[in-house]
Asker: 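Please find one structure pasted underneath; my questions will follow.
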Amino acid sequence: MGELMQQYIDEAEQDLLHTYNRYQVVLDRGDGVSLYDIEGKRYLDFVAGIAVFALGYHNAEYNDALKAQIDKVIHTSNYYYNVPAVEAARHLKKISRMDRVFFTNSGAEAIEGAIKAARKYAYLKDGTTDHEIIAMNHSFHGRTMGALSVTGNPHYREAFEPGIGNIRFADFNDFDSVLACVNDKTCAILLETVQGEGGIYPVQEDFLKKVRALCDEKDILLILDEIQCGMGRTGYWYAWQKYDIKPDIMTTAKALGCGVPVGAFLMTEKVGQHSLTAGDHGTTYGGNPLACAAVAKVLELFEENNILEHVQEVSAYLEEKLDSLAAKYDFITDRRGMGLMQGLVFDRPVAPLINAALENGLILINAGTNIIRFVPPLVITDADVDEMIEILDSCLKTFQEQNA
Ligand SMILES: *Cc1c(COP(=O)(O)O)cnc(C)c1O
């Protein structure tokens with residue numbers, strides 16, 4: 001590493017609160033599926049800023065749309081209407097098949113809003129306030145206090161207890177454990193359609209359908225967190241669309257603005273009419289014209305470029321290649337995922353492999369200690385998959401020799 005890069009890293013470690021163990025690289029710019037550090041070294045990017053930059057870097061149409069909006073107005077507050085918000089909401093409603101949209105600044109805030117909507121819905125029914133939410137073990141929903149309270153990983157929560165309270169945790173894909181948590185106070189069941197941080201676990205169709213039926217029977221709201229698995233990543237706009245069900249509330253973020261911080265929670269008209277109302281919820285920035293111009297352009301470009309069809313095709317190729325790596329190395333025990341959200345499961349920690357890949361010009365990330373996660377830009381090609389596999393395979397070979 002050059003002196004300048006080291007200087008920036010040292011300075012960052014002095015000035016920024018140390019809440020991340022960062023990889024030893026200072027990134028400077030991106031182009032397509034490549035990122036470059038400040039020394040000009042190229043990296044093939046299979047992380048996309050954690051499932052965010054779906055369209056690839058330096059997309060001219062996306063950049064031009066943002067520049068045009070910057071020259072008009074960036075922010076107005078939610079007390080006034082603006083055209084980008086109307087366009088973004090119209091488009092988002094169409095692809096999500098939901099009815100009402102609230103734009104947020106992040107995924108965690110979308111979860112907060114979903115929780116508030118669910119509590120208000122239950123409150124309007126019986127006038128009491130001690131309703132419960134069922135969330136899943138090994139889930140991840142964000143770092144704010146409400147989102148943390150429904151995150152099924154005690155390690156993330158421990159130092160920050162008590163959370164918002166009245167949360168029960170069931171086992172993902174285990175309907176009996178959900179049933180065991182249900183009572184008269186249950187107002188919502190919350191789950192990721194594909195668990196991300198928890199280790200890339202897709203929901204099982206049978207489980208999802210049983211949960212949906214249970215919610216219908218008891219007027220419990222089904223909240224699906226599509227923050228990571230949504231926005232075309234699985235080959236569907238939203239992963240639940242693969243199954244013959246629909247949530248009552250849904251959260252989306254990450255790729256929604258392709259890098260401009262924006263999220264949303266959406267609901268059916270029924271929930272919209274019987275939950276949050278004027279004065280119940282708000283945000284200064286949420287859905288500002290710049291963020292919404294990004295959302296509107298992203299959704300337009302997804303459609304123009306047939307991103308969903310592309311993901312279905314290229315992900316089949318990625319799965320095949322990952323499966324052959326899994327077959328080749330004994331320490332890889334499984335491959336699982338949906339579309340371009342894949343996990344390669346190891347019988348040991350993957351940190352050394354991720355560092356070796358970075359050294360060799362490939363950006364990868366983990367999901368838990370033993371899983372390499374693949375969440376590349378959705379525009380990757382078969383050739384990008386080949387390049388990724390070639391680098392990873394050579395790292396795996398070295399890893400095997402070192403571990404022999
Ligand atoms: C990333 C993520 C969140 C939190 O989103 P932030 O924008 O980081 O607040 C919530 N849920 C899931 C499933 C996520 O992957």
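When a ligand or atom number is given, it counts from 1 through the structure's own listing order. Basis for what follows: all heavy atoms, side chains included, without hydrogens, waters or symmetry-related copies.
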Asker: Decide whether His91 and Glu303 meet the rule of one side-chain donor and one side-chain acceptor closer than 3.5 Å.
Answerer: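 Looking only at side-chain atoms, Glu303 and His91 do form a donor-acceptor pair, the distance falling under 3.5 Å.
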Asker: Looking at ligand 1, does any of its N/O atoms fall within less than 3.5 Å of an N/O of Ile227?
Answerer: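 Such a contact does not occur with ligand 1.
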Asker: Atoms of ligand 1 less than 4.0 Å from Glu192 heavy atoms?
Answerer: 13 (C)
Asker: Give me the residue, atom name and distance of the protein heavy atom closest to atom 2 (C) of ligand 1.
Answerer: Lys254 NZ, 2.6 Å
Asker: Identify every side-chain donor-acceptor pair in residues 21-32 under 3.5 Å, counting partners at least two apart or on other chains, and give the distances.
Answerer:
| unit_1 | atom_1 | unit_2 | atom_2 | d |
| --- | --- | --- | --- | --- |
| Asn21 | OD1 | His18 | NE2 | 3.0 |
| Gln24 | NE2 | Arg22 | O | 3.2 |

Asker: Are His281 and Phe102 close enough that their ring centers fall under 6.0 Å?
Answerer: yes
Asker: Within the side chain of Lys254, is there an N or O that forms a donor-acceptor pair under 3.5 Å with the backbone of Phe53?
Answerer: no
Asker: For Gln228, take its heavy atoms, then give the atoms of ligand 1 lying under 4.0 Å from any of them.
Answerer: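 It comes down to these atoms of ligand 1: 15 (O).
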Asker: Name the orientation class of the two ring planes belonging to His75 and Tyr285 (parallel below 30°, tilted from 30 to 60°, perpendicular beyond 60°).
Answerer: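 If you compare the ring of His75 with that of Tyr285, the planes turn out perpendicular.
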Asker: Tell me, which protein residue and heavy-atom name are nearest atom 9 (O) of ligand 1, and how many Å apart are they?
Answerer: Ala108 N, 2.7 Å
Asker: Asp10 and Gln14: side-chain donor and acceptor closer than 3.5 Å?
Answerer: no
Asker: In the protein, which heavy atom is nearest to atom 11 (N) of ligand 1, and how far is it?
Answerer: Asp225 OD2, 2.7 Å
Asker: Where is the nearest protein heavy atom to atom 5 (O) of ligand 1: which residue, which atom, and how far?
Answerer: Gly107 CA, 3.3 Å
